[in-house]
Amino acid sequence: MTDLITPELARSEPGDGQPYAYRRAELVEPDWTRLPGWKDVTAEEWRSVQWQRSHCVKNVKQLRDVMGDLLEDRFYDDLTRDQAERATMSMLLPPQMLNTIVPNGAADYTEAFYADPVRRYMLPVFSDRRTDWPSHPHATRDSLHEHEMWATEGLTHRYPTKVLAEVLPTCPQYCGHCTRMDLVGNSTPVIDKLKFVAKPQTRLDDMLDYLRRTPGVRDVVVSGGDVANMPWPRLEAFLTSLLEIENIRDIRLATKALMGMPQHWLSSDVLSGVERVAGIARQRGVMIAMHTHVNAAQSVTPLVAEASKAMLEAGLRDVRNQGVLMRGVNDSIPQLLDLCFALLDGANITPYYFYMCDMIPFSEHWRVSVKDAQHLQHGILGYLPGFATPRIVCDVPYVGKRWVHQLSEYDEVRGISYWKKNYRTGIEQQDPEALNRTYEYYDPIDTLPREGQDWWTQHAGNHLAEAEARAAASRTTAEAQKLLDLN
């Protein structure tokens, strides 16, 4: 087993003359045998996707079985309370991901575990959450209103030439901040998840039928959930059918599992299937790429790099990263640049986007203000090649992705930014005011000056009750829309 080395890519040092000093560092796979529950796991078992899937951590007891007394009871208690009172996603953590938390061990393992950036978003605990503003008054469980824009069940047509195909509602891992927490994963004590009604194959057939009769769509993001959870023969059949539609020119496969469970994408059957699909795409002049989701440099290990290289060698045009900007995870310039260089130098993954964390319930401790996002965007410019300098974007409800400097107005005291758009979403084709209307996005209230916080206190009322009522209303609206679609 290789000695453990934290992948510290670059830090500013005295006398280097730059705010950030670049150094390339070798990627290292953390030693999983340091954890009591995996002390006898072989390298062959670790590389097995079947072993990875069957040993995912799904509850506090299983986490304790792996970590043992490395963690104090106070952490397990903290996690148990969060699962009962705040978690919008059930616990699901593959061994590959858990192994990158505190990769080198620590003298005080519990404190290091609490502080770890991967832990902060994959295993949120109650003490992480804010108690003053746990949810923003405008938080909703479908914060981007994707369900309202379903052309068919699971097919969101928000942009003029692009659609999002949610082909399944599960993932190999569940992120605490998931923007699709309304649909993806198991229900939790605080969130009763929306369920697809149509049978899986019927939903896929309906999506394909819509795309065949909608020639204005050229770009399909195949997501969910995570496409790594779809049996490969079914996914390959869907992709092959997409490639038969003349107007489809771009296909993007969305999978965090490239990082969270790279063993899946290294499986021989999957590799052969990707090569077949990429070959058809190349013959037909269609660009097919993979989009993954990495938020911290320490998650980029040799196995991740191997899987990314395998996808490129199989014929995918590109592998790109869409991270999420989160407090305590990657909200500093060095953290973002460390991550970008680890992706680019270590794994041939192109840094593409960093999304601001969406306004879902109980996410305020993760979200950053637009002002801070603008500062971070400015700070990372000039270090990376232009094609690999990620754009930090705000996904504005009813608008879509907007670079953080594209706002029309900004009330920094109350934390309200105002945005406009240049196209109609799928539900606004007959709306004459859609391109003139101004849309709002809200900063986390605790980041505002005292005057702004006082304003929200006066105007938000019982913000937690209102947030939960809005969540219930969002679910009711989505379910009603779903029934209309089926009738």
Side-chain angles (χ1 to χ4, degrees), residues 48-50 52-53 56 92 94 96 150-156 162-174 178 180 183-185 195-196 198-212 217-245 248-284 286-293 304 307-308 310-320 322:
S48 165
V49 65
Q50 290 80 9
Q52 288 281 327
R53 288 189 185 275
C56 285
L92 184 61
Q96 176 74 27
W150 279 357
T152 67
E153 189 179 53
L155 187 72
T156 301
K162 300 182 287 185
V163 296
L164 166 72
E166 298 173 79
V167 295
L168 77 170
T170 64
C171 297
Q173 65 283 305
Y174 291 139
C178 182
R180 296 195 184 103
L183 174 70
V184 171
K195 302 294 183 183
F196 286 134
K199 293 180 180 180
Q201 191 57 51
T202 300
R203 289 195 305 101
L204 299 182
D205 290 342
D206 289 346
M207 292 178 185
L208 294 168
D209 288 343
Y210 178 80
L211 294 172
R212 291 186 186 105
V217 174
R218 65 172 303 281
D219 185 349
V220 181
V221 178
V222 184
S223 183
D226 189 315
V227 295
N229 259 24
M230 178 171 277
W232 179 260
R234 180 178 294 175
L235 179 59
E236 183 172 352
F238 181 72
L239 295 174
T240 302
S241 296
L242 277 181
L243 288 166
E244 293 171 353
I245 302 174
I248 303 304
R249 313 312 300 161
D250 267 294
I251 298 173
R252 292 177 270 172
L253 304 177
T255 173
K256 188 186 181 77
L258 187 73
M259 177 272 285
M261 195 180 286
Q263 293 85 351
H264 169 81
W265 295 105
L266 288 168
S267 301
S268 58
D269 59 330
V270 174
L271 282 171
S272 298
V274 172
E275 188 170 359
R276 286 191 297 272
V277 171
I280 297 171
R282 186 165 52 252
Q283 292 171 5
R284 299 184 178 177
V286 177
M287 292 182 286
I288 183 166
M290 179 171 284
H291 284 197
T292 192
H293 175 189
V304 176
S308 175
M311 291 298 99
L312 294 171
E313 290 180 346
L316 296 190
R317 182 180 186 272
D318 203 358
V319 179
R320 308 180 186 112
Q322 297 185 165

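Hydrogens, waters and symmetry mates play no part in the numbers below; they use all other heavy atoms, side chains included. Keep in mind that what you see is a predicted model, and the values were worked out from it rather than measured. In what follows, residues are counted from 1 in the order of the sequence shown.
Nearest approach of M207 to A165, heavy atoms of both residues: SD-CB, 3.9 Å. When every heavy atom of V184 is checked against every heavy atom of G225, the shortest pair comes out as CG2-N, 3.3 Å. Here the shortest heavy-atom pairing between P262 and A307 reads CB-CB, 3.7 Å. Residues P94 and M261 approach most closely at CB-CE, 4.0 Å, considering heavy atoms. Across every non-hydrogen atom of F196 and G154, the tightest pair is CE2-CA, 3.9 Å. Nearest approach of L316 to A289, heavy atoms of both residues: CD1-C, 4.5 Å.
Partners of D318 under the salt bridge (charged side-chain N to carboxylate O under 4.0 Å, His left out) rule, at least two apart in sequence or in another chain, are R320. For R317, the salt bridge (charged side-chain N to carboxylate O under 4.0 Å, His left out) criterion is met by no residue, not counting sequence neighbours. Taking L243 as the reference, I251, V277, I280, A281, R284, V286 meet the side-chain contact (heavy atoms from CB on, under 4.5 Å) condition, with sequence neighbours excluded. For E275, there are no side chain to side chain donor-acceptor pair (under 3.5 Å) partners two or more places apart in sequence or in a different chain. Looking at residues two or more places apart in sequence or on another chain, you find a side-chain contact (heavy atoms from CB on, under 4.5 Å) between S223 and L164, R180, V221, A254. Here R212 pairs with D209 under the salt bridge (charged side-chain N to carboxylate O under 4.0 Å, His left out) rule; sequence neighbours left out. Partners of T255 according to the side chain to side chain donor-acceptor pair (under 3.5 Å) rule, which considers only residues two or more places apart in sequence or in another chain, are D226, W265. Here R282 pairs with nothing under the side-chain contact (heavy atoms from CB on, under 4.5 Å) rule; sequence neighbours left out. When the side chain to side chain donor-acceptor pair (under 3.5 Å) test is applied to R252, the partners found at least two apart in sequence or on another chain are D219. Partners of E244 under the salt bridge (charged side-chain N to carboxylate O under 4.0 Å, His left out) rule, at least two apart in sequence or in another chain, do not exist in this structure. For T170, the side chain to side chain donor-acceptor pair (under 3.5 Å) test picks out N229, with sequence neighbours left out.
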Sequence neighbours excluded and cut-off under 3.5 Å, please list the side-chain donor-acceptor pairs for residues 230-241, or say none.
{"unit_1": "W232", "atom_1": "NE1", "unit_2": "E236", "atom_2": "OE1", "d": "2.6"}
{"unit_1": "E236", "atom_1": "OE1", "unit_2": "R276", "atom_2": "NH2", "d": "2.9"}
{"unit_1": "E236", "atom_1": "OE2", "unit_2": "R276", "atom_2": "NE", "d": "2.8"}
{"unit_1": "T240", "atom_1": "OG1", "unit_2": "E236", "atom_2": "O", "d": "2.7"}
{"unit_1": "S241", "atom_1": "OG", "unit_2": "A237", "atom_2": "O", "d": "3.0"}

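At a threshold of 4.5 Å between non-hydrogen side-chain atoms, the residues K199 and Q201 do not count as touching. Side chains of V217 and K162 form no contact here, defined as non-hydrogen atoms less than 4.5 Å apart. Under the 4.5 Å side-chain criterion, counting only non-hydrogen atoms from C-beta, H264 is not in contact with P172. L271 is listed as a side-chain neighbour of M311, based on a closest heavy-atom distance under 4.5 Å. T156 places none of its side-chain heavy atoms less than 4.5 Å from the side chain of V163. In this structure, the side chains of D250 and V220 stay at 4.5 Å or more apart for every pair of heavy atoms.
Counting only distance, with no hydrogens or angles, the side chain of R203 and the backbone of E166 share a donor-acceptor pair below 3.5 Å. A distance-only check finds a donor-acceptor pair linking the side chain of S48 to the backbone of Q50 [under 3.5 Å]. E153 contributes a side-chain N or O that, together with a main-chain N or O of A198, makes up a donor-acceptor pair within less than 3.5 Å. Between the side chain of S272 and the backbone N or O of D269, no donor-acceptor pair lies under 3.5 Å. Of the possible donor and acceptor atoms, none in the side chain of S308 sits under 3.5 Å from a partner among the backbone N and O of V304.
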I'd like to know whether Q322 forms a side chain to side chain donor-acceptor pair (under 3.5 Å) with H293, so could you lay out the CA-CA distance, the side-chain angles of the two residues, the decisive distance to 0.1 Å, and finally the verdict. CA-CA 5 Å; Q322 297 185 165; H293 175 189; over 6 Å; no
When you look at L155 and Y210, which way does the side-chain contact (heavy atoms from CB on, under 4.5 Å) test go after all the steps?
CA-CA 9 Å; L155 187 72; Y210 178 80; 3.4 Å; yes
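Q52 and Q96 are not linked by any side-chain donor-acceptor pair at a separation below 3.5 angstrom, with hydrogens and angles left out of the test.
The distance from atom OG1 of T152 to atom CG of D206, rounded to the nearest 0.5 Å, is 5.5 Å.
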